[in-house]
Number of protein chains: 2
Amino acid sequence: MTRPEVTRPAAASAAGKPTRVLVVDDEPQIVRALRINLTARGYHVLTAHDGTAALRAAADGKPDVVVLDLGLPDLDGSEVIAGLRGWSKVPIIVLSARTDSTDKVRALDAGADDYVTKPFGMDELLARLRAAVRRSATGAEGEEAVVSTESFTVDLAAKKVRKDGAEVHLTPTEWGVLEVLVRNRGRLVAQKQLLQEVWGPAYATESHYLRVYLAQLRRKLERTPADPQHLLTEPGMGYRFES
Amino acid sequence: MTRPEVTRPAAASAAGKPTRVLVVDDEPQIVRALRINLTARGYHVLTAHDGTAALRAAADGKPDVVVLDLGLPDLDGSEVIAGLRGWSKVPIIVLSARTDSTDKVRALDAGADDYVTKPFGMDELLARLRAAVRRSATGAEGEEAVVSTESFTVDLAAKKVRKDGAEVHLTPTEWGVLEVLVRNRGRLVAQKQLLQEVWGPAYATESHYLRVYLAQLRRKLERTPADPQHLLTEPGMGYRFES
DNA sequence: GATGGGCGTCAAGGGCGCGTCAAGGCGCAC
DNA sequence: GTGCGCCTTGACGCGCCCTTGACGCCCATC
């Protein structure tokens with residue numbers, strides 16, 4: 001049984017909260033151009049015009065990535081990097097007009113993740129930004145992938161389910177159904193979509209499978225399987241997981 | 001808690017094993033220049049001159065970082081990136097003579113970590129390489145080097161296993177399987193992932209290997225091999241180590 | 001009140017994945 | 001050459017899990 005990996009085009013938000021970008025530059029037109037481009041692609045943009053404000057904004061705003069110009073009026077670029085790296089591992093992409101190799105080396109060794117020279121292509125900067133965010137996302141994953149209800153908890157990364165503290169064993173298909181519903185928690189999942197994601201595109205009409213497996217999941221997880229509180233049926237449409 | 005980072009000229013090895021770099025390029029003079037520079041700085045250098053060899057070398061050599069030229073004779077660059085990303089998170093730094101912005105975007109979105117255009121400054125490449133290695137290292141660090149159960153203990157750093165005080169001898173493959181499971185302790189490891197990380201990407205479907213080796217590990221480590229407490233099977237899905 | 005579709009429940013059987021044992025083959029050290 | 005691990009491969013039995021069918025209930029429609 002092949003479970004088709006959903007490969008969606010990387011968006012600024014993976015169906016969750018938007019990615020937060022801190023843009024640090026003292027040239028208003030650069031900040032403005034970045035803000036427009038990033039906002040249009042669904043990012044949430046914070047800005048700072050000097051190093052002191054940048055450090056404060058990074059602490060307050062918890063950005064997912066920082067775009068940092070090196071030519072700031074108050075602090076040297078490597079001081080800003082060091083100030084961030086003292087307490088945060090947030091990816092830093094350095095912007096600079098200086099093409100000198102020693103500047104690049106110094107910034108990268110100070111803790112920057114990438115270095116882009118001005119003038120830069122917006123496409124390239126956005127691609128490097130996506131790469132930086134992707135990297136830090138894959139590392140931080142698996143920590144907060146736990147979804148809880150008053151009856152049971154689902155750990156998406158560990159593929160574990162607990163009910164009243166005890167581990168509940170699920171078969172691969174049971175897990176497949178539950179995983180799709182939990183990843184779309186709060187939203188209605190159409191029968192066709194559920195069948196295609198778990199069983200494959202050829203099974204889009206085998207709705208009887210869903211009845212059998214939803215019954216099994218309810219029997220294993222719900223407190224009152226006959227009156228489910230979390231694995232809900234939307235008659236004629238599909239199923240929904242509510243926490 | 002601030003740890004005053006000593007800004008030392010980052011060495012290729014932090015008093016441990018040398019960092020392994022896989023250099024992929026079909027131009028001998030580039031490979032040669034990189035080999036000389038990297039070896040002089042304490043890196044261990046692997047080389048490949050086409051995409052097929054690169055994928056094989058990556059599976060066999062387990063490099064810590066890959067430097068990949070895009071203009072290879074046999075495979076397209078993004079194919080190589082995709083082939084690596086299918087089973088590995090190793091940092092990839094792309095080298096290319098093409099300065100076109102769309103090439104950069106394509107490579108980065110395919111999964112590359114950085115993009116350097118030829119001709120490149122050796123200092124800059126080395127700094128980007130240090131940055132890539134530093135990033136992937138900070139994520140992997142901080143794990144307990146010794147993991148214990150009531151039956152046996154695993155020392156990940158020393159590659160040693162003890163049961164009731166006595167050292168247990170493991171073959172290389174047995175260790176490979178155990179190491180992947182222990183590093184993902186508590187989490188389910190899919191059969192495919194386990195096979196790819198231990199045997200390489202070409203062995204993703206040889207699930208019979210796993211049955212043989214899990215049986216051997218259980219016979220050597222579990223108190224009751226027929227009823228394992230720590231090396232658990234999740235039928236149809238994979239295996240899990242529980243302490 | 002009759003009827004049909006959608007849903008939930010239960011049970012049976014058959015396939016397939018898993019564990020187990022063992023033999024062959026290859027590389028490597030002596 | 002010879003012996004010894006170690007990896008690979010095959011055969012086989014067992015238990016679990018997916019599939020499928022039958023049946024009753026609820027509810028909307030007529």
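Bear in mind the structure is a predicted one, so any value in this text is a computation, not a measurement. Order of the sequence lines fixes the chain letters, A, B, ..., with proteins taken first and strands second; residue numbering starts at 1 for each chain.
Between A:Trp175 and A:Val154 there is a side-chain heavy-atom pair separated by less than 4.5 Å.
Here C:dG8 presents its P atom at 12 Å from CG of A:Leu217, a figure rounded to the nearest Å. Rounding to whole angstrom units, CD of residue B:Gln191 and C1' of C:dC18 are separated by 9 Å. Note: CG (A:Leu195) to P (C:dC7) measures 11 Å, nearest angstrom. Residue A:Arg218 contributes atom CZ, which lies 11 Å from atom P of C:dC7 at whole-angstrom precision.
Here A:Phe241 pairs with nothing under the ring-ring contact (aromatic ring centres under 6.0 Å, His included) rule; sequence neighbours left out.
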*Please step through salt bridge (Lys or Arg N to Asp or Glu O under 4.0 Å) for the pair B:Arg85 and B:Asp113, ending with a clear verdict.*
CA-CA 11 Å; B:Arg85 278 288 171 269; B:Asp113 290 75; 2.8 Å; yes

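The pair B:Glu27-B:Lys118 meets the salt-bridge criterion, with a side-chain N (NZ, NE, NH1 or NH2) lying under 4.0 Å from an Asp/Glu carboxylate O.
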*Where along nucleotides 3-13 of chain D does protein come under 4.0 Å, by heavy atom, of base (B) or sugar-phosphate alone (S), with - for untouched nucleotides?*
---SBBBBB--

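Within the 4.0 angstrom heavy-atom criterion, no nucleotide atom of any strand lies near A:Ser207. Note on B:Glu234: nothing from the nucleic acid sits closer than 4.0 angstrom, heavy atoms only.
Listed candidates were D:dC17, C:dG19, C:dC7. Nearest to the side chain of B:Pro235 is D:dC17.
Taking the six-membered ring where the residue is Trp, B:His230 and B:Phe152 present perpendicular rings, their angle passing 60° and hence far from 30°.
If you take CD on B:Glu79 and CG on B:Leu84, they are separated by 12.0 Å, rounding to the nearest 0.5 Å.
Both A:Ala215 and B:Arg219 lie near DNA chain C, and the one whose nearest nucleotide falls closer to the 5' end is A:Ala215.
Within the 4.0 Å cut-off from OP1 or OP2 of C:dG6, not a single side-chain nitrogen or oxygen of A:Arg211 is found.
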